[in-house]
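Counting begins at 1 with the first residue of the sequence.
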Amino acid sequence: MKGERHMADKNFLTDIIDADLAEGKIREIHTRFPPEPNGYLHIGSAKAIYINWSIANQYGGKFNLRLDDTNPAREGEEYVNSIIEDLHWLGADPNGGIFYGSDYFDKCYEYAEKLIQEGKAYVDDLTRDEMREYRGADAGKPSRPSPYRDRTPEENLDLFRRMRAGEFKEGEKTLRAKIDLASPNMNMRDPAIYRIKYAEHHRQGSKWCIYPMYDFAHPIQDAIEGITHSMCSLEFENHRPLYNWVIENIFGTEFPKQREFARLNMTKPGRMTPMMFELNLIERAKANKMRIVLAEGEEPRILQATDILLRREVADIILLGNADKINKLARELHLDISKATIIDPVTSPKFEDYAATYAELRKAKGVTIERARDVMSDATYYATMMVKKDDADGMVSGAIHSTADTLRPALQIIKTKPGSKIVSSCFIMVRPSATGENEVLAMADCAINIKPTEDELVEICRETVECAKIFGVDPKVAFLSYSTLGSGKGEDVDKMRNACEKAKAEMPNTPIGGEFQFDAAVSPVVAKTKHISDSVGGHANTFIFPDINAGNIGYKIAQRLGNFDAYGPILLGLNAPINDLSRGCNAQEVYSMAIITAALA
């Protein structure tokens, strides 16, 4: 790129631009690259830079760098300077200028008031979890309206101005756009556009305590800068209607337009090794750097993993425990944890707020503020509350605590997500050439539900399918049994057969088969011998076990005798990523679970 006037290849993006120019809709091309300065650039960033820069260059237009610093809790000058240096090194210096999202905070606020006055936005008192519950998870079913949706513009304007004045706690009020609760696009169901956040901003200091959400601020920033084509990767395609809604309802214009390009697919060898799997996780975690709290900060294995996580810049790490003890132990182990944030729950300035929140959540159970203080003294409860209060994005515990100790606070504080009645778990299993054709497998439930019912097995299947997709598995699901399509009899066989049929009905686009014996699920020869004609038999890569006995034994046989690397248990069904460690884990397993949690956040 350096020193060249590069001509981009003709493609669907240039075809769109050519048509806009020919029709006189625009006179000059203006693009931008808007990274959040919360981490270093990665290979996917390079693609986005190249596309936006090269198209502006081809048409003799302008290319902006805009640092999207709308979340003060995660951003800093170190990343800002690194991003600017990287663009210069790539030869993609922004000829349109360098800007910051925070440059437009006053305008975003002004436009938010405009929407309120026009009855197109309202202040909501629902918590984040309540919003999820009201919204639901079924795109074919309208969301429940918030009880605060019909406040008058005058009342909403007063509340919004009081939000800005700092009269409310974080999470107590949210400004939402008033759009369409029946939209098949969940992003259009009254999305949050402003939230309260008490944090020092790297450029604005403490001027603001409310901050615009990216989906609201981004189109405004594009419009103010005169961006004509807002080009981003394909995962933002579902956000385009909201982008257009903001532009049309604030500016009443057609431009700028959001256009999506495919994400970068790297050519890889045919086999997935554990190292490649881990590199994929690291890449995913680095793409959106998250804050992961490790509850057992005084444990040597946790500190060893922290050293690795920080050196590889996978996540921002928060350690809970006594700072003097933690730093002393790190020195003795010759570890560098200097970039970790260390919090002692009992002496934390947020301790009383957390205790009050817990008392409110559990008041129906008779929890007093005194009892809540005792509970919040427990690091696992405190860490879980950090996730609840958006002071962390995910939590890992279990090196010295039982699964129950990790799961109990999650169920009390984070709770299950809409559509989920239970928490379950899965393991992602990795080795080269695992079954002859599948290198990454998913197994569930191996750790949580002792004897799941038919309906619980369906839920376990649904959650495992979604988890498997995140980690690169194209799920072919087998419900396992000691019977293959009726070859055996008994209640357990009936349970797996019925659960399989229910799962098929609920997920018609996912290949699901069973009940199968394991050999019929993974061996094409055995499947053919047993006259299995569906696409799953002999080719399964996602396995649903009948109970925890079979699941726990099965994954450990694969791990110990089959030379699989086991990643898990990954907890499923919660409102936020909370994950459990084995008490026999080593530092590498802590590290792996932390990057999985970051990737899921």
Side-chain angles (χ1 to χ4, degrees), residues 13 16 31-36 48 52 66 68-71 101 104-105 107-124 126 128 130-132 134-146 148-149 156 160 173-197 210-263 288 390 418:
L13 291 173
I16 291 169
T31 66
R32 86 292 168 268
F33 173 59
E36 184 178 0
N52 281 278
R66 183 195 314 130
D68 174 39
D69 56 348
T70 53
N71 188 343
Y104 310 108
F105 281 174
K107 291 304 269 184
C108 287
Y109 181 84
E110 175 187 327
Y111 293 135
E113 286 204 348
K114 176 180 184 292
L115 292 179
I116 291 170
Q117 290 165 344
E118 293 174 356
K120 297 175 181 177
Y122 62 97
V123 173
D124 198 354
L126 293 179
R128 185 172 61 172
E130 289 170 337
M131 284 185 199
R132 286 197 188 102
Y134 273 68
R135 182 176 289 119
D138 187 348
K141 185 177 179 181
S143 300
R144 292 162 54 199
S146 165
Y148 310 100
R149 194 173 193 260
N156 283 314
F160 188 53
K173 306 282 184 188
T174 306
L175 184 67
R176 299 176 68 180
K178 193 174 186 178
I179 307 180
D180 181 4
L181 293 178
S183 173
N185 186 327
M186 302 299 278
N187 294 313
M188 297 296 283
R189 296 191 178 188
D190 290 11
I193 59 176
Y194 257 94
R195 82 289 205 194
I196 300 170
K197 193 75 180 175
I210 58 171
Y211 291 91
M213 304 297 285
Y214 177 82
D215 279 342
F216 177 67
H218 177 59
I220 291 172
Q221 295 158 1
D222 280 352
I224 292 173
E225 289 178 16
I227 304 302
T228 56
H229 295 82
S230 181
M231 290 174 283
C232 54
S233 53
L234 201 57
E235 65 261 37
F236 290 98
E237 183 178 18
N238 284 341
H239 296 252
R240 190 202 301 173
L242 180 53
Y243 182 102
N244 292 342
W245 185 91
V246 172
I247 293 296
E248 291 163 6
N249 283 275
I250 290 177
F251 301 101
T253 60
E254 183 181 358
F255 283 87
K257 287 284 191 182
Q258 177 177 303
R259 300 296 180 185
E260 302 84 20
F261 52 81
R263 296 184 68 179
N288 192 12
D390 198 28

Got a second to check how far [X]'s [atom1] is from [Y]'s [atom2], nearest 0.5 Å?
| X | Y | atom1 | atom2 | result |
| --- | --- | --- | --- | --- |
| Tyr134 | Asp190 | OH | CG | 13.0 Å |
| Gln221 | Thr70 | CD | OG1 | 7.0 Å |
| Asp215 | His239 | CG | NE2 | 5.5 Å |
| Asp390 | Ile196 | CG | CD1 | 12.5 Å |
| Ile193 | Lys178 | CD1 | NZ | 13.0 Å |
| Ser143 | Arg132 | OG | CZ | 13.5 Å |

* Structure fact -> Residues at least two apart in sequence or cross-chain that pass side chain to side chain contact (heavy atoms under 4.5 Å, CB included) with Glu118, listed by chain then number, are Lys114, Lys120
* ring pair (Phe, Tyr, Trp, His ring centres under 6.0 Å) against Phe160, all qualifying residues, sequence neighbours excluded -> Tyr109, Tyr194
* What residues form a ring pair (Phe, Tyr, Trp, His ring centres under 6.0 Å) with Tyr211, not counting sequence neighbours? ->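 Phe105.
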* How far apart are the C-alpha atoms of Tyr214 and His218, what are their side-chain angles, what is the distance that settles it, and do they pass the ring-ring contact (aromatic ring centres under 6.0 Å, His included) test? -> CA-CA 6 Å; Tyr214 177 82; His218 177 59; 4.8 Å; yes
With a 4.5 Å cut-off on side-chain heavy atoms, are [Y] and [X] touching?
| X | Y | value |
| --- | --- | --- |
| Tyr243 | Asn187 | no |
| Glu110 | Glu113 | no |
| Ser146 | Tyr122 | yes |
| Arg149 | Leu126 | no |
| Ile220 | Val246 | yes |

Quick one: closest heavy-atom pair of [X] and [Y], and the distance?
| X | Y | answer |
| --- | --- | --- |
| Ala223 | Phe251 | CB-CE1, 3.5 Å |
| Asn156 | Ile116 | CB-CG2, 3.6 Å |
| Gly101 | Asp69 | N-OD1, 3.1 Å |
| Ile247 | Pro219 | CD1-O, 3.3 Å |
| Leu175 | Ala121 | CD1-CB, 4.1 Å |

* Is a donor on one side and an acceptor on the other found under 3.5 Å between the side chain of Asp180 and the backbone of Arg189? -> no
* Asked: Between Arg176 (side chain) and Val123 (backbone), is there a donor-acceptor pair under 3.5 Å?
  ->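 Answer holds: no.
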* To do: Please determine if Arg66 and Glu225 form a salt bridge, counting it only when a charged side-chain N lies under 4.0 Å from a carboxylate O.
  =>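 Salt bridge: yes.
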* Full working for side-chain contact (heavy atoms from CB on, under 4.5 Å) between Met188 and Leu242 -> CA-CA 6 Å; Met188 297 296 283; Leu242 180 53; 3.8 Å; yes
